[in-house]
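Only a predicted model underlies this, so the values are computations on that prediction, with no experimental measurement involved. Note that ligands are numbered from 1 as they come in the structure, with each ligand's atoms numbered from 1 the same way.
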Amino acid sequence: MDIYQFRKKKEAKQKISMVTCYDYWSAKIINSSPIDAILVGDSVGMVMYGYENTLSTTSSMIAAHVEAVKRGAPDKFIVADWPFLAKFKNLKSFMEAGAHAVKVEGAGETTLDLIAQILDVGVPVMGHLGLTPQFIHQMGGYRVQGRSMESAQKLLEQAQLLEEKGCFALVLECVPSAVAQEVTQSLEIPVIGIGAGVDTDGQVLVLQDLLGFQKDFFPRFVRKYMDGAGLIEKALKDFHEDVKQRKFPSIEESYE
Ligand code: KIV
């Protein structure tokens, strides 16, 4: 996958699949899967470090996790998230770690300047509109965006502006399906949705959500493809019982 294939997939009406990934072992599994692209999201701060929101995710965390993911998934297109208040000079560390592109939240003046700077040095940018978690305090929490006519219109204009500025794709998070459909149809670049209905050009989910590893997080837009937490709990309980009852290790699992 490269940025031209993103566009080609949209033109051919082939959906794009993207998942988050933060570590080497799951990257290895994704590398041998048909998933189109990997996002080393700033959600790493919440999922892997237990922070309350993504504002605590740092550039050094993103660089370190991109590096691990790149080792596990050398064949995949990797997007590094631009962390809250990151500096332009940090871009080098993301690219050296193995990212192919960065994702930047928002479309305000400062963000547009940053996007222009990043594009100017040759790094592709994925935009991110709708529910942009780095703006959590301004949005008053994790709320669906673009519900009113005015906010939907603003979203559409911002999306068009990001395309005009040179973004190669756009993540649209938590917006009504009809709004997402309109944004998708009005852009030539692919729109990858999360909580944005079925009509976007692709879908992205946090890996731990779709694998069911998050026990206390059930947003409406997540589909659990397996009960990861339940499977791990059972495996740990079985191991514990086997140890207590001297059933592990067996003779075959021991050396003579
Ligand atoms: O950081 C992240 O995981 C994201 C996705 C939810 C799109 O930005």
Those atoms of ligand 1 less than 4.0 Å from some heavy atom in Gly41: 1 (O), 2 (C)

Atoms in ligand 1 with a heavy atom of Ile194 nearer than 4.0 Å: 6 (C)

Within reach of ligand 1, part of Thr54 (heavy-atom separation under 4.0 Å): neither

Region of Val206 that comes within reach of ligand 1 [heavy atoms, distance under 4.0 Å]: side chain

Connected via hydrophobic side-chain network under 4.5 Å: Val123 and Met18: yes

Closest protein heavy atom (residue, atom, distance) for [atom]:
atom: atom 2 (C) of ligand 1; result: Ser43 OG, 3.2 Å
atom: atom 4 (C) of ligand 1; result: Leu39 CD2, 3.6 Å
atom: atom 8 (O) of ligand 1; result: Lys103 NZ, 3.0 Å

Polar contacts were defined as any N/O atom of the residue lying under 3.5 Å from an N/O atom of the ligand; does this apply to [X] and ligand 1?
X: Asp81; answer: yes
X: Glu173; answer: no
X: Asp42; answer: yes
X: Tyr22; answer: no

Centroid separation Phe77 to Phe6 less than 6.0 Å: yes

Between Tyr49 and His65, ring centroids under 6.0 Å: yes

Residues, nucleotides or ligands: over 12 heavy atoms within 6.0 Å of Glu52 CD: no

